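From a predicted model like this one, the values you see are computed outputs, not experimental measurements. The chain is numbered in sequence order, starting from 1. Order of appearance sets the numbers: ligands from 1, and atoms from 1 within every ligand.
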Amino acid sequence: MTKTIMVSNQKGGVGKTTTTLELGAIYARKGKRVLIIDLDGQVNISMYVNAKYDDKNIPTIRDVLLEIKEIMNHLEAEAEKEDDMQDDIITRSIQTTGEGFDIIAGHRNLSNALAEFSDTTDVFLLKELISCMEDYDYILIDSAPARSPLLNMGYVAADYCLILTEADKASQDGVKQVVTDIKLLKKNKMSDISILGIVLNKNEDLKNQEEAYKDLCAFGKTNHCMPFTTIISKAAGATTAKNMYKSIHAYRDTKGVDKRSIQGILNDFENLADEIEQRILKIER
Ligand SMILES: Nc1ncnc2c1ncn2[C@@H]1O[C@H](COP(=O)(O)OP(=O)(O)O)[C@@H](O)[C@H]1O
Ligand SMILES: [Mg+2]
């Protein structure tokens, strides 16, 4: 069965996009069928994998969600024809990438989500889309650094949530906000999402980071969202790779790259990918 994972924290710059990209690349390399959905108006992940996000002929996630909204608002008599239309736009929106996973690209206007997706039923649009996707082992959702209707759409649609953070207070505050938002949706029976855990990113073995990890453990214990044992190291290669439109894994395989400087962060992401699978197994057992 498809497992859908939302990568979240409304604080920007904590590593959501980087982690989504690396996990996608790792699972795809392991032979899993992976789809990434870019739910961010900054379209960063779409850019990094050279997906088209401004080509009129290729629907973005915004086009797909608007189409599903249109269809859901129509009369049931038209249902069959409209199912075909929905399947067609979904098929056309899926782009293959050099990383081995597929992507539905983001769109700049997603930043306008408050205006476009403000009806109460819109929160179910992404869930409806994902219910049509049977061919994937993993669907990873990269989310925007903002509290918008898109975030709730993600929490309603996904089976699991991965919360990214850095050691600073503002990022940790973002972690707490994610947990609060999810708790409210669950209380209102709108979401079945399980929080897989918290990922501490950009580690440099500093004292404040050790303390941050302890704080996250204490928070995780009372809120059922323990940090992962794997902590992701800070490595300049994370940014260099993206400047070359590659995951760190694809960057490693590029000629002339100093592999030693990125081996640590590659191992970290691989360990994280394993830990995620173990936690999912434990939850589903
Ligand atoms: N582990 C890391 N080490 C070094 N730089 C990182 C690491 N993770 C992310 N970055 C860099 O930090 C910036 C923000 O990361 P990004 O993944 O775009 O965050 P978000 O999606 O949460 O806004 C990017 O320039 C990215 O390359
Ligand atoms: Mg991002």
Proximity winner for [atom], if only heavy atoms of [options] are counted:
{"atom": "atom 18 (O) of ligand 1", "options": "Thr19, Leu200, Thr17", "answer": "Thr17"}
{"atom": "atom 20 (P) of ligand 1", "options": "Gly237, Gly13, Ser8", "answer": "Gly13"}
{"atom": "atom 6 (C) of ligand 1", "options": "Gly15, Ala241, Ala238", "answer": "Ala238"}

Kindly confirm or rule out an N or O of [X] lying under 3.5 angstrom from an N or O of ligand 1.
{"X": "Lys16", "value": "yes"}
{"X": "Tyr48", "value": "no"}
{"X": "Asp142", "value": "no"}
{"X": "Lys202", "value": "yes"}
{"X": "Ala235", "value": "yes"}
{"X": "Val14", "value": "yes"}
{"X": "Lys242", "value": "yes"}
{"X": "Asn201", "value": "yes"}

Ligand 1 contact on Ile265 by region, counting heavy-atom pairs under 4.0 Å: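 Side chain only.
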Regarding Thr17, does it place an N, O or S atom less than 2.8 Å from the Mg ion (ligand 2)?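 Yes, Thr17 qualifies, because one of its backbone or side-chain N, O or S atoms lies under 2.8 Å.
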Run the side chain to side chain donor-acceptor pair (under 3.5 Å) test on Thr60 and Asp63 for me, step by step, so that the C-alpha distance in whole Å, both residues' side-chain angles and the decisive distance to 0.1 Å come before the verdict. CA-CA 5 Å; Thr60 66; Asp63 302 312; 3.1 Å; yes
For the residue pair [Y] / [X], report whether a side-chain donor-acceptor contact shorter than 3.5 Å exists.
{"X": "Asn271", "Y": "Glu275", "answer": "no"}
{"X": "Ser247", "Y": "Glu99", "answer": "yes"}
{"X": "Lys16", "Y": "Ser8", "answer": "no"}
{"X": "Asn57", "Y": "Lys52", "answer": "no"}

Among all protein non-hydrogen atoms, which one is nearest to atom 24 (C) of ligand 1, and what is the separation to 0.1 Å?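 Here the nearest protein heavy atom works out to Thr239 OG1, 4.3 Å.
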Which protein heavy atom lies closest to atom 15 (O) of ligand 1, and at what distance to 0.1 Å?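 Closest protein heavy atom to atom 15 (O) of ligand 1: Thr18 OG1, 3.7 Å.
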So Lys3 and Asp137, salt bridge (charged side-chain N to carboxylate O under 4.0 Å, His left out) or not? Walk me through it. CA-CA 6 Å; Lys3 300 175 201 320; Asp137 298 303; over 6 Å; no
Taking C-beta and beyond as the side chain, do Leu21 and Val49 meet within less than 4.5 Å on heavy atoms?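 Heavy-atom side-chain distance check passes, below 4.5 Å.
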Salt bridge or not between Arg147 and Asp181? Use side-chain N to carboxylate O under 4.0 Å.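 Yes, Arg147 and Asp181 are salt-bridged.
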Sub-4.0 Å heavy-atom contact, Ser233 with ligand 1: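 Per 4.0 Å heavy-atom rule, Ser233 contacts ligand 1.
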Sub-4.0 Å atoms of ligand 1 with respect to non-hydrogen atoms of Gly12: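 Those of ligand 1 that fall under 4.0 Å from Gly12 are 23 (O).
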Quick check, are the ring centers of Tyr245 and Tyr48 under 6.0 angstrom apart?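 Centroid separation for Tyr245 and Tyr48: 6.0 Å or greater.
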Residue of the set Tyr27, Tyr160, Tyr138 for which side chain to side chain contact (heavy atoms under 4.5 Å, CB included) holds with Ile276: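 The passing option is Tyr27.
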Testing Ile198, Val199, Asn223, Asp215 for side chain to side chain contact (heavy atoms under 4.5 Å, CB included) with Val175, which one passes?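 Exactly one candidate clears the test, Ile198.
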